[in-house]
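Note that this is a predicted model, so its numbers are computed, not measured.
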Amino acid sequence: MIARRAQVPVEIETLPPSLDAQAHEKIQRSLKQSEEYLAAGKNRQAVQEILWMLETVSTVLQGLPFGDGTIQGKYFHKIADELKLHRKGQVAEQAINWMKSLHGYLSSPTGGGVRHGATLTAESELSPHEARLICNLIRSYLSFLLDEYDQFAK
């Protein structure tokens with residue numbers, strides 16, 4: 001049989017990126033934005049950008065298998081507390097404490113004043129080297145949380 005009509009190509013729908021790919025892209029974009037803020041001398045914005053990512057990345061652990069149950073926390077500190085239970089007596093337990101301390105300090109208006117705003121009487125802005133230190137610490141904590149995710153998600 002000979003085809004008498006022109007063949008119409010079948011359109012193949014392009015699938016959207018996976019959730020993992022979308023999350024990875026958001027993380028990379030946020031890290032890049034933080035670096036750009038640091039380069040521009042916008043120290044507080046650089047720390048805000050990456051602190052937001054720390055809180056966001058922690059939420060990917062919700063619902064993952066954990067010991068005899070699942071991680072139930074919905075917010076950074078609750079999730080961190082549940083991770084600590086799983087890492088009791090390990091170096092990671094102390095690292096989670098450091099992560100929580102840094103987050104608490106940055107969230108307090110009388111501490112770093114990054115998350116909830118500084119008090120109007122705050123005397124100093126973050127210096128470039130302080131902002132770099134905080135951003136580097138948070139980057140390492142992000143890496144730790146993503147590694148935890150990979151381990152729990154197996």
Side-chain angles (χ1 to χ4, degrees), residues 15-154:
L15 296 175
S18 70
L19 291 176
D20 279 348
Q22 290 175 45
H24 179 73
E25 192 273 325
K26 278 187 179 188
I27 291 167
Q28 292 307 312
R29 189 172 52 230
S30 185
L31 293 173
K32 183 176 185 241
Q33 181 66 62
S34 179
E35 283 299 314
E36 289 171 1
Y37 283 143
L38 284 172
K42 297 178 179 179
N43 302 324
R44 183 170 301 283
Q45 290 95 325
V47 174
Q48 284 173 328
E49 182 69 30
I50 203 165
L51 181 63
W52 169 81
M53 188 50 59
L54 178 66
E55 295 169 341
T56 302
V57 165
S58 71
T59 65
V60 301
L61 297 164
Q62 293 171 345
L64 289 180
F66 172 77
D68 295 334
T70 58
I71 295 178
Q72 298 294 314
K74 295 183 190 300
Y75 301 104
F76 175 78
H77 280 272
K78 288 291 190 184
I79 293 167
D81 286 340
E82 290 184 59
L83 285 175
K84 276 180 32 178
L85 289 174
H86 183 68
R87 299 297 188 197
K88 195 105 181 119
Q90 299 174 15
V91 171
E93 179 185 16
Q94 184 59 48
I96 294 166
N97 284 331
W98 296 331
M99 191 183 330
K100 285 182 61 181
S101 293
L102 181 64
H103 183 271
Y105 172 77
L106 293 173
S107 295
S108 170
T110 57
V114 172
R115 185 166 180 259
H116 296 297
T119 61
L120 290 175
T121 58
E123 293 181 19
S124 63
E125 178 67 23
L126 287 171
S127 70
H129 69 275
E130 289 170 330
R132 172 64 64 191
L133 171 64
I134 292 168
C135 287
N136 286 341
L137 286 169
I138 293 174
R139 280 177 179 271
S140 67
Y141 295 148
L142 285 170
S143 181
F144 170 78
L145 290 173
L146 291 170
D147 287 346
E148 289 291 278
Y149 172 79
D150 287 343
Q151 186 171 0
F152 285 121
K154 289 180 181 177

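- Environment of NZ in Lys42: sparse, with no more than 12 heavy atoms of neighbouring residues, nucleotides or ligands closer than 6.0 Å.
- Counting only N and O atoms by type, the side chains of Gln62 and Thr59 include no donor and acceptor under 3.5 Å apart.
- In this structure, CE in Met53 is found 7.5 Å from CG in Leu142, a value given to the nearest 0.5 Å.
- The distance from atom CD1 of Ile134 to atom CG of Leu106, rounded to the nearest 0.5 Å, is 5.0 Å.
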Are Ile50 and Leu54 close enough, and set up right, to give a side-chain contact (heavy atoms from CB on, under 4.5 Å), and what steps lead you there? CA-CA 6 Å; Ile50 203 165; Leu54 178 66; over 6 Å; no
Pair Arg132-Glu35, salt bridge (charged side-chain N to carboxylate O under 4.0 Å, His left out): steps then yes or no: CA-CA 9 Å; Arg132 172 64 64 191; Glu35 283 299 314; 2.8 Å; yes
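- You'll find the side chain of Asn43 stays beyond 4.5 Å of the side chain of Glu130, heavy atoms only.
- Considering CD1 of Ile138 and OG of Ser34, their distance stands at 8.0 Å, rounded to 0.5 Å.
- Between Leu31 and the choices Lys26, Arg139, Glu36, Glu49, the side chain to side chain contact (heavy atoms under 4.5 Å, CB included) rule is met once, by Arg139.
- With Ser58 contributing its side chain and Glu55 its backbone, the two residues share a donor-acceptor pair below 3.5 Å.
- Checked against Gln28 for a side chain to side chain contact (heavy atoms under 4.5 Å, CB included), the options His24, Lys32, Glu25 give a single hit: His24.
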Could you go step by step and tell me if Thr70 and Gln72 meet the side-chain hydrogen bond (donor to acceptor under 3.5 Å, both in side chains) rule? CA-CA 6 Å; Thr70 58; Gln72 298 294 314; 2.3 Å; yes
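- Of the charged side-chain nitrogens involved, none lies within less than 4.0 Å of a carboxylate oxygen, so that Glu82 and Lys78 do not count as a salt-bridged pair.
- Here the side chains of Cys135 and Val47 are in contact, with some heavy-atom distance below 4.5 Å.
- Two residues are said to be in side-chain contact when any heavy atoms from C-beta on lie closer than 4.5 Å; Leu137 and Tyr141 meet this criterion.
- Atom CG of residue Leu64 and atom NE2 of residue His86 lie 11.0 Å apart, to the nearest 0.5 angstrom.
- When every heavy atom of His77 is checked against every heavy atom of Gly104, the shortest pair comes out as NE2-N, 4.3 Å.
- Inter-residue side-chain proximity for Val60 and Leu145 is flagged as unmet; no heavy-atom pair is nearer than 4.5 Å.
- Listed by chain and residue number, nothing satisfies the side-chain hydrogen bond (donor to acceptor under 3.5 Å, both in side chains) test with Asp147 (two or more places apart in sequence, or in another chain).
- With respect to the salt-bridge test (charged N to carboxylate O, under 4.0 angstrom), the residues Arg87 and Glu148 qualify.
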Run Lys100 and Asp81 through side-chain contact (heavy atoms from CB on, under 4.5 Å) and show every step you take. CA-CA 9 Å; Lys100 285 182 61 181; Asp81 286 340; 2.4 Å; yes
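- Arg44 places none of its side-chain heavy atoms less than 4.5 Å from the side chain of Tyr37.
- Phe144 places a side-chain heavy atom less than 4.5 Å from the side chain of Ile96.
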For residues 88-95, please give each side-chain donor-acceptor pair under 3.5 Å, one per line with the distance, not counting sequence neighbours.
residue : atom : partner : partner atom : Å
Lys88   : NZ   : Glu93   : OE2          : 3.4
Glu93   : OE1  : Gly89   : N            : 2.7

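- Contact annotation: the side chain of Thr56 never approaches that of Ile27 to less than 4.5 Å [non-hydrogen atoms, C-beta and beyond].
- Inter-residue side-chain proximity for Tyr149 and Val57 is flagged as unmet; no heavy-atom pair is nearer than 4.5 Å.
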